[in-house]
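Report on the structure given below.
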Amino acid sequence: MPEMPEVETIRRTLTDKIEGRKITRVDIKLSRLIKWPTAPEFQAVLTDRTVEKLVRRGKYLLFYLDNSLVLVIHLRMTGRLYYATQGREYDKFTHILFFLDNGDALLYADTRTLGTLYLMPQAELWRIAGLASMGPEPLSEEFTLEYFAGMLEKRQAKIKPVLLNQKLVGGLGNIYVDEALAIAGIDPDRIASSINETEAKYLYQAINQVIADGISHGGTTFRDYRDGAGQSGSHQHHLHVYGRANQPCHRCGAIIARKEVGGRGTHYCPNCQK
DNA sequence: CCTGCTTCCTGAAAGC
DNA sequence: TGCTTTCAGGAAGCAG
């Protein structure tokens with residue numbers, strides 16, 4: 001499941017191949033993935049546009065085009081975006097194909113088809129609610145300890161759903177939230193406002209650390225995630241708790257447990273996380 | 001406004 | 001062996 005480090009890795013692996021390229025043709029095999037405008041309009045307006053800049057915000061990828069247009073893609077659960085050289089075969093999960101002026105193509109594939117694509121003028125981006133309302137993201141200037149600790153103080157929900165709320169912190173998903181809570185030694189069931197100043201500082205540092213590590217390892221590949229060149233990430237080899245239920249904790253040796261928190265499968269060390 | 005539940009979607013894995 | 005059920009989860013939509 002692509003979270004901020006995975007989407008950032010995709011951005012980095014696509015930038016050099018995509019920026020400056022003109023989209024010469026768009027094939028749409030599953031039009032319901034396109035949320036705005038209609039599929040025929042999407043296809044017509046996108047044809048002959050040049051990609052000027054590839055930007056990431058949270059888990060969104062934004063392709064800034066000429067004519068002040070922006071193509072916005074969110075991969076959700078199983079979306080994949082990858083560069084394919086001319087004539088390369090593609091599987092049945094490839095739903096949108098962007099052909100480029102050098103004969104290659106940018107392909108959007110998605111097994112569970114929950115991903116979303118938009119095309120709109122730059123001035124209309126506020127219409128994408130999830131993008132417009134996104135909170136500060138880890139490693140950014142806006143994501144300060146003061147902001148983070150102050151935000152936790154006001155929340156009566158459990159810490160895990162608070163961290164997953166994109167309006168409060170942009171870019172975190174299930175894997176990195178479980179990891180950050182494990183590093184900070186905080187139980188995912190804790191009420192956010194009960195977290196004290198010291199714990200908030202540890203958690204803040206842990207969030208920045210797991211995101212930075214995730215990016216430096218090229219993302220976490222459990223099953224579906226691949227970068228823009230089709231390569232797997234390696235952060236799955238560095239996880240403390242996620243996907244490690246019934247295995248020993250790296251720190252204390254206790255058995256990693258799994259429970260449901262806020263409707264999400266949650267991995268944690270019952271001994272280290274209080 | 002805040003919080004939590006439901007929905008979307010389909011391949012893989014577990015259950016029978 | 002093969003069919004059926006459950007599970008995975010990001011985020012919008014909605015109820016209370």
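Every value quoted in this text rests on a predicted model; they were computed, and no experiment measured them. Convention: sequence-line order gives letters A, B, ...; per-chain numbering from 1.
- Contact between the side-chain N/O atoms of A/Gln166 and the OP1/OP2 oxygens of C/dA11 is found at a separation under 4.0 Å.
- With rounding to whole Å, A/Asp224 atom CG is found 17 Å from B/dC9 atom P.
- Cation-pi geometry between A/Lys259 and A/Tyr268 is satisfied (NZ or CZ under 6.0 Å from the ring centre, within 45° of the ring normal).
- We find that OH of A/Tyr108 is positioned 11 Å from C1' of B/dC9, with the value rounded to whole Å.
- From A/Leu163, atom CG reaches atom CZ of A/Arg155 across 11.5 Å, with rounding to the nearest 0.5 Å.
- Look at CE on A/Met151: it is 14 Å from C1' on B/dC2, rounded to the nearest Å.
- Atom CG of A/Leu100 and atom CG of A/Leu97 lie 10.5 Å apart (nearest 0.5 Å).
- A/Tyr60 comes within 4.0 angstrom of sugar-phosphate atoms only, judged by non-hydrogen atoms across all strands, and of no base.
- Closest approach to the A/Asn174 side chain among C/dA12, B/dT3, C/dG10 is made by C/dG10 (side chain taken as heavy atoms from C-beta onward).
- Applying the 4.0 Å criterion to OP1 and OP2 of C/dA11, one finds that A/Lys59 has a side-chain N or O inside that range.
- The two residues A/Arg57 and A/Met134 have their closest heavy-atom pair at NH2-O, 3.1 Å.
- Here A/Tyr242 reaches the OP1 or OP2 of C/dG9: one of its side-chain N or O atoms lies under 4.0 Å away.
- How far OG of A/Ser133 is from CD of A/Gln166: 9.0 Å, rounded to the nearest 0.5 Å.
- Per the geometry, CH2 belonging to A/Trp36 stands 17 Å off C1' belonging to C/dA12, to the nearest Å.
- In this structure, A/Lys17 is positioned above the aromatic face of A/Tyr83, its NZ or CZ under 6.0 Å from the six-membered ring centre and within 45° of the axis.
- Listed candidates were B/dC2, B/dG11, B/dC9. Nearest to the side chain of A/Arg155 is B/dC2.
- Of all the residues in residues 72-83 of chain A, A/His74, A/Arg76, A/Met77 reach under 4.0 Å from DNA chain C with at least one non-hydrogen atom.
- Whole-Å rounding puts the A/Glu3 CD to C/dG10 P distance at 6 Å.
- Under a 3.5 Å cut-off, the side chain of A/Gln236 and the backbone N or O of A/Thr220 do not form any donor-acceptor pair.
- A residue-by-residue look at A/Gly265 and A/Gly130 shows that A/Gly265 has its nearest nucleotide of DNA chain C further toward the 5' end.
- Listed nucleotides: B/dG11, C/dA12, C/dG10. Nearest to the side chain of A/Lys92: B/dG11.
- You'll find the ring centres of A/Phe98 and A/Tyr108 outside the 6.0 Å limit.
- At the heavy-atom level, A/Gly262 lies nowhere under 4.0 Å from the strands shown.
- B/dT3 atom C1' lies 16 Å from atom CG of A/Leu163, rounded to whole Å.
- Donor-acceptor pairing under 3.5 Å, judged by distance alone, is present between the side chain of A/Arg264 and the base of C/dG10.
- Taken over five-pair windows at either terminus, the axes of the helix from B/dC2-C/dG16 to B/dC16-C/dG2 are inclined to one another by 60° (rounded to 10 degrees).
- In this pair, A/Tyr176 and A/His235 present their aromatic rings parallel. The plane angle is below 30°, not in the 30 to 60° band.
- A/Arg32 places its CZ atom 13 Å from the C1' atom of B/dT7, with the value rounded to the nearest Å.
- Listed candidates were B/dC2, C/dG10, C/dA12. Nearest to the side chain of A/Lys167 is C/dA12.
- The backbone N or O of A/Gly170 sits nowhere less than 3.5 Å from a side-chain atom of A/Glu137 that would complete a donor-acceptor pair.
- Atom pair A/Met134:CE and C/dG10:P shows a separation of 13 Å (rounding to whole Å applied).
- For B/dG11, neither phosphate oxygen OP1 nor OP2 lies less than 4.0 angstrom from any side-chain nitrogen or oxygen of A/Arg112.
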